[in-house]
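Here's the structure, in structure tokens; my notes come after.
Computed from a predicted model, the values in this text were never measured in an experiment. Along the sequence shown, residues are numbered consecutively beginning with 1.
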Amino acid sequence: PRYYGMNLKYPAISLIKNGKVRSALFSCARLFSHAKRFDKFEEFVKNNFRLSKQRYSIESLEKANLDYDVLVCESDVIWSPNFFGGEFDPAFFLHLQSMEGKKKVAYSPSMANGGLNKHQEEEIREWTKDFFAISARESYTVEYLKNICERDVEWVLDPVFLLDAKEYDRIACERLIDEPYLLLYFPLEHNVDIIKRAKEYAKAHNLKLVEISRFPWDKLSHKTITDAGIEEFL
């Protein structure tokens, strides 16, 4: 819901309308690379995903007739309130009227850094009571959920590692860097200390430093790719 009405290809437009000037300036600095990357991701989804014809809002999902045997909430930071304005998204806990009585499974959800308040812990405990199985991809999340939910929680792989490398070879593009290199990957945050350590390691081991991120100013000090699509990332 936090992205309803937002221009995802050119987010600066929406940020300016909402008065978020500082964020808009950052977005303008990566305007073209973001738009190019956005188009690559959209093209990949169109060519490779099998999606239901129906697209849901929370309101329509609440009333939907879900003709599925099992519902799975899967991976990423879907169980972190920090990504949803401080509140949990009930859809990511399968906690909607349309989902009552269905077999529910949680596979590899992340809670980021945890640290929930008492109200949030009570919500997780209540919303997962009817789950058939729960797992998590971080060991500390497993222990945290065991204590909160008072039930077994399995420690499992991030689903990207469930596939053999040859499955990814089918969609990866040709290698972009031919020489030996050290890869830095910053999907969200920018960490100056990690960059400093990476430079030291790369120099000591005679490696080229390559960064995939959304921070174009890093191009001033080392090779930085800000418009990588799925195939290029792989």
Worksheet item: In terms of the angle between their ring planes, are W217 and F215 parallel, tilted or perpendicular, with boundaries placed at 30° and 60°?
Response: tilted
Worksheet item: Which atoms form the tightest heavy-atom contact between K104 and D130, and what is the distance?
Response: NZ-OD2, 2.8 Å
Practice prompt. Grab the two heavy atoms, one from F233 and one from A228, that are nearest each other, plus how far apart they are.
Written response: N-CB, 4.4 Å
Worksheet item: Which pair of non-hydrogen atoms, one from R151 and one from T128, has the smallest distance, and what is that distance?
Response: NH1-O, 3.2 Å
Worksheet entry | Whether over 12 other heavy atoms sit under 6.0 Å from K223 NZ | no
Worksheet entry | Ring centers of F93, W79 separated by less than 6.0 Å | yes
Worksheet item: If you measure from CG on L184 to CG on L209, what distance do you get to the nearest 0.5 Å?
Response: 5.0 Å
Practice prompt. Measure across P90 and W127 and return the closest heavy-atom pair with its distance rounded to 0.1 Å.
Written response: CA-CZ3, 3.9 Å
Discussion item. Hydrophobic cluster membership, with links at side-chain heavy-atom distances under 4.5 Å among I/L/V/M/F/W/Y: are V156 and Y144 in one?
Written reply: no
Item to complete: Look at atom NZ of K36 and say whether more than 12 heavy atoms of other residues, nucleotides or ligands are closer to it than 6.0 Å.
Response: no
Fill in: Minimum heavy-atom distance S14-N7, with the two atoms named
OG-N, 2.7 Å
Worksheet item: When you look at CG of D39, are more than 12 heavy atoms from neighbouring residues, nucleotides or ligands closer to it than 6.0 Å?
Response: yes
Discussion item. Let me confirm one number: the CZ-CZ distance from F186 to R214, rounded to the nearest 0.5 Å.
Written reply: 12.0 Å
Practice prompt. Please determine if K203 and E200 form a salt bridge, counting it only when a charged side-chain N lies under 4.0 Å from a carboxylate O.
Written response: no
Item to complete: Taking only Lys NZ, Arg NE, NH1 and NH2, and the carboxylate oxygens of Asp or Glu, determine whether E122 and K118 approach each other closer than 4.0 Å.
Response: no
Worksheet item: Quick check: are there more than 12 heavy atoms from other residues, nucleotides or ligands sitting under 6.0 Å from CZ of R197?
Response: no
Discussion item. A quick test of your reading: do over 12 heavy atoms of other residues, nucleotides or ligands sit less than 6.0 Å from CG of N47?
Written reply: yes
Worksheet item: Is it true that the NZ or CZ of K103 lies under 6.0 Å from the centre of F132's six-membered ring and within 45 degrees of the ring axis?
Response: yes
Worksheet entry | K20, NZ atom: more than 12 neighbouring heavy atoms under 6.0 Å | no
Worksheet item: E121 and I148: which non-hydrogen atoms are nearest, and at how many Å?
Response: O-CG2, 3.4 Å
Item to complete: Report the residues that fulfil ring pair (Phe, Tyr, Trp, His ring centres under 6.0 Å) with H119, sequence neighbours left out, ordered by chain and then residue number.
Response: none
Worksheet entry | Spatial distance of atom CD1 (I212) from atom CG (L183) [nearest 0.5 Å] | 5.0 Å
Discussion item. Test of understanding: clusters of I, L, V, M, F, W, Y form through side-chain heavy atoms closer than 4.5 Å, transitively. Do F131 and V70 belong to the same one?
Written reply: no
Worksheet item: Are any of the side-chain nitrogens in K40 or E232 under 4.0 Å away from the carboxylate oxygens of its partner?
Response: yes
Worksheet item: Regarding Y107 and E154, is there a side-chain donor-to-acceptor distance under 3.5 Å anywhere?
Response: no
Fill in: Pairwise distance CD(E87) to CD(E123) - rounded to 0.5 angstrom
6.5 Å
Practice prompt. Mark yes when over 12 heavy atoms from residues, nucleotides or ligands other than E189 sit less than 6.0 Å from its CD; otherwise mark no.
Written response: no
Item to complete: Could you grab the distance from atom CD1 of I171 to atom CG of N48, nearest 0.5 Å is fine?
Response: 6.0 Å
Worksheet item: Does atom OH of Y201 have more than 12 heavy-atom neighbours, drawn from other residues, nucleotides or ligands, at distances under 6.0 Å?
Response: no
Discussion item. Can a donor-acceptor pair be found, under 3.5 Å and without considering hydrogens, that links the side chain of W155 to the backbone of S135?
Written reply: no
